[in-house]
Number of protein chains: 2
Amino acid sequence: MASIKDVARLAGVSDKTVSRVVNREPNVRPETIERVEVAIQQLGYVPNHAARLVRSRRSRILGILTDLVSVTPYSSDIVRGAQDWAHQNGYTVIVINTNGNTANEKAAWRTFQEHSIEGVLYVTMYHRIVDLKAAELPLPTIMVNCKSNADPELMSITPDDCNGARELTDYVLARGHRRLGYIRLNPVLFGAQERYRAFQDVVVEAGIDPKDLTIKIGMSGAVGQEVDHSFQVAQKMLIQENPPTAIICGNDEIALQAYMAALTLGRKIPDDVSIVGYDDFKTVSRALKPALTTAALPYYDLGYQACVNLVSKIDGQPPPLAQVKLPCPLVVRQSVRALDETVQL
Amino acid sequence: MASIKDVARLAGVSDKTVSRVVNREPNVRPETIERVEVAIQQLGYVPNHAARLVRSRRSRILGILTDLVSVTPYSSDIVRGAQDWAHQNGYTVIVINTNGNTANEKAAWRTFQEHSIEGVLYVTMYHRIVDLKAAELPLPTIMVNCKSNADPELMSITPDDCNGARELTDYVLARGHRRLGYIRLNPVLFGAQERYRAFQDVVVEAGIDPKDLTIKIGMSGAVGQEVDHSFQVAQKMLIQENPPTAIICGNDEIALQAYMAALTLGRKIPDDVSIVGYDDFKTVSRALKPALTTAALPYYDLGYQACVNLVSKIDGQPPPLAQVKLPCPLVVRQSVRALDETVQL
DNA sequence: TTGTATGCGTTATCAC
DNA sequence: GTGATAACGCATACAA
């Protein structure tokens with residue numbers, strides 16, 4: 001590999017002048033720049049990041065720590081968002097997946113330190129609570145899709161499951177539904193709790209009769225190996241006396257099960273029963289017939305915005321807030337029917 | 001950050017001795033090792049990768065270049081497989097997503113060079129042909145999920161779509177099906193072509209009457225923005241006179257459409273119609289009722305094995321083969337019915 | 001506008 | 001076994 005000295009020799013200038021050209025520093029005569037650039041071209045010179053880093057201490061590398069990527073394919077959009085921001089802003093990214101294993105996580109932090117990383121995105125694939133403390137972390141860190149109750153100073157960025165679920169429920173109610181089914185996501189998940197609580201709040205505020213509510217758990221078990229009984233749950237719901245006119249599902253995968261259950265029973269969606277999901281897991285939500293109305297998890301933006309906040313903190317600018325929530329926009333498709341005598345939204 | 005010198009001073013030894021301990025070189029007295037390690041602990045010393053790299057020229061970093069991660073969520077398992085191998089073997093990985101954009105790709109190669117990367121995994125999210133030439137690449141490279149017709153020397157590792165499709169078709173035929181539907185994946189995709197050709201070959205070899213075959217295209221258009229008409233196609237197939245007893249789908253997403261179509265028409269799977277997919281896209285294949293019989297794309301292994309082959313080449317050991325194919329194992333679930341008078345497999 | 005001296009944290013070489 | 005010294009490729013500070 002050609003070094004800065006080779007370029008200098010070929011261009012007939014000193015190392016420092018080449019350095020100036022490469023780093024676009026001022027005070028170099030245009031014709032010198034030209035000569036240097038020709039030499040760079042000829043030699044195929046590319047600056048050596050390591051050597052640069054030894055002196056300058058700015059690595060322009062961000063670390064991303066992820067846990068269970070294998071389980072939730074779409075959440076890797078968090079990583080994509082972060083990478084996009086990074087590359088648009090001259091940063092490079094090192095991603096390390098721990099598989100939720102503590103030893104791996106420890107090794108990852110060490111690797112980050114070895115590479116003089118400037119800051120870390122601590123990403124979980126499920127929205128959850130992780131009780132880290134800033135003081136225990138060796139590098140500036142932002143939690144993504146998770147947050148710490150132990151340390152309110154620790155920056156975090158999470159989806160606003162609560163508001164998303166409110167809007168979704170509001171939407172269903174606004175279309176005249178009063179007899180509701182709710183199939184809960186694994187209660188272990190923080191997002192599941194928030195969604196469910198929001199649903200409850202809205203339903204109480206709207207004065208829905210509790211007797212008109214059928215609430216069941218669709219998934220349970222440890223994260224990554226849950227058992228899914230939402231198909232059976234949905235079927236039971238549908239064959240009961242006075243079945244719900246709309247079923248709100250904890251996420252899109254449950255909604256898929258509800259679809260299968262309804263179709264198997266010969267029910268039409270949304271004519272016989274309306275269904276909504278959550279996540280906007282596109283391979284499901286867009287593929288279903290009719291396409292699924294749901295709330296979109298802002299994975300990509302989570303990663304992108306996390307970088308913005310993290311780097312602004314590293315650069316010493318105080319970030320707007322320690323705890324940021326990103327909206328989960330309602331995605332209206334065709335799976336909810338407006339009941340008679342109802343004003344269309 | 002503590003440096004090797006700080007450790008040396010605290011331990012009362014020279015820099016070089018610390019270096020020896022850190023790198024587990026021989027010829028250090030055990031008690032010296034002990035003293036040094038205590039000092040390392042106390043100072044929280046972590047070796048500086050950049051400084052190390054300036055001297056040693058071995059970065060132990062691998063680069064991964066990906067194209068359209070956003071479109072095919074599961075294919076990011078390629079990256080996961082590669083990362084796992086890397087971390088198990090003391091390597092670090094830098095992933096750069098180009099979004100299929102040429103300018104991004106050029107920038108990525110440059111970034112790789114700046115970081116003195118040892119080798120590159122050129123990963124495509126769809127199985128396809130990319131006509132690169134080894135001589136034009138600045139770093140040792142292996143193509144993953146794609147290959148070059150332009151340069152047979154260029155290493156590649158791809159899924160064996162051809163054999164996977166053969167096995168799948170064989171499986172369906174072995175269960176007594178003779179009237180077959182085939183819904184093709186986007187013919188633009190190389191994998192789609194291989195799968196279709198294999199299907200044709202098997203069907204001819206088995207002496208199936210061409211009149212008993214209904215073959216349609218389910219998806220078309222540019223990669224990443226295709227139009228999906230497989231739902232309609234499947235419905236038409238099912239309402240025709242003498243409908244197929246089994247429908248072979250180009251992939252699992254099409255299979256999902258076929259399921260919806262069948263259920264909407266009140267057909268039972270697999271009693272009225274058997275369905276198989278391809279890919280083993282688990283959010284679909286496992287979620288469907290009944291669960292989908294399909295062939296699994298070996299994404300994870302592709303990434304993992306690519307690293308093995310690439311690094312063995314970098315280390316000067318000749319890799320077994322330039323062009324490696326990995327099997328797509330048949331995943332038997334419940335979506336295919338054995339017709340009467342048929343021996344169970 | 002350009003060049004020189006020095007040092008970053010580490011490893012390589014060779015001497016003790 | 002251990003240590004002194006040079007060298008890696010570049011940036012910083014300062015001199016010319």
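Since the structure is predicted, the reported quantities are computational estimates derived from the model, not experimental observations. What you see below is based on every heavy atom in this structure, not just the backbone, and it leaves out hydrogens, waters and symmetry mates.
Judged purely by distance below 3.5 Å, without hydrogens or angles, the side chains of A:Asn97 and A:Thr66 pair a donor atom with an acceptor atom. For the residue pair B:Gln88 and B:Asp84, no side-chain donor N or O sits within less than 3.5 Å of a side-chain acceptor on the partner.
Where B:Ala50 and A:Pro26 meet DNA chain C, the nucleotide closest to each residue was compared, and A:Pro26 sits on the side nearer the 5' end. When each of B:Gly12 and A:Val54 is assigned the nucleotide of DNA chain D with its nearest heavy atom, B:Gly12 is the one assigned upstream, toward the 5' end.
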Pairs under 3.5 Å (N/O, protein and nucleotides 11-14 of chain D):
unit_1, atom_1, unit_2, atom_2, d
D:dA11, OP1, A:Asn23, ND2, 3.4
D:dA11, OP1, A:Arg52, NE, 2.8
D:dA11, OP2, A:Ser19, OG, 2.9
D:dA11, OP2, A:Asn23, ND2, 3.4
D:dA11, N3, A:Arg55, NE, 3.2
D:dT12, O4', A:Arg55, NH2, 3.2

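Spacing between atom NE2 of B:His49 and atom C1' of D:dC8 amounts to 14 Å, rounded to whole angstrom units. Here C:dT10 presents its C1' atom at 9 Å from NZ of B:Lys5, a figure rounded to the nearest Å. D:dG9 atom C1' lies 15 Å from atom CG of A:Leu43, rounded to whole Å. Taking atom CG on B:Asn27 and atom C1' on C:dA15, their separation rounds to 15 Å, with Å as the unit. Note: CZ (B:Arg9) to C1' (C:dT10) measures 15 Å, nearest angstrom. Look at CD on A:Gln113: it is 15 Å from P on C:dG9, rounded to the nearest Å. We find that CD1 of B:Ile33 is positioned 13 Å from C1' of D:dT2, with the value rounded to whole Å. In this structure, the CZ atom of B:Arg57 is 13 Å from the C1' atom of C:dT10, given to the nearest Å.
For the pair B:Cys307 and B:Leu121, the minimum side-chain heavy-atom distance is below 4.5 Å. Residues B:Val93 and B:Val79 form no side-chain contact, since every pair of their non-hydrogen atoms from C-beta on lies 4.5 Å or further apart. No side-chain heavy atom of B:Lys147 sits under 4.5 Å from any side-chain heavy atom of B:Pro152.
Salt bridge status for A:Asp67 with A:Arg128: present, with a side-chain N to carboxylate O gap under 4.0 Å.
The side chain to side chain donor-acceptor pair (under 3.5 Å) test with A:Glu118 singles out one residue from A:Arg58, A:Arg60, A:Arg57, and that residue is A:Arg58.
Residue A:Thr17 places none of its side-chain N or O atoms closer than 4.0 Å to OP1 or OP2 of C:dT2. Residue A:Asn48 has no polar side-chain atom (N or O) positioned under 4.0 Å from OP1 or OP2 of D:dG9. Residue A:Thr32 has a polar side-chain atom (N or O) positioned under 4.0 Å from OP1 or OP2 of C:dT2.
Checking C:dT2, D:dG1, D:dA4 against every side-chain atom of B:Ser14, the shortest atom distance belongs to D:dA4.
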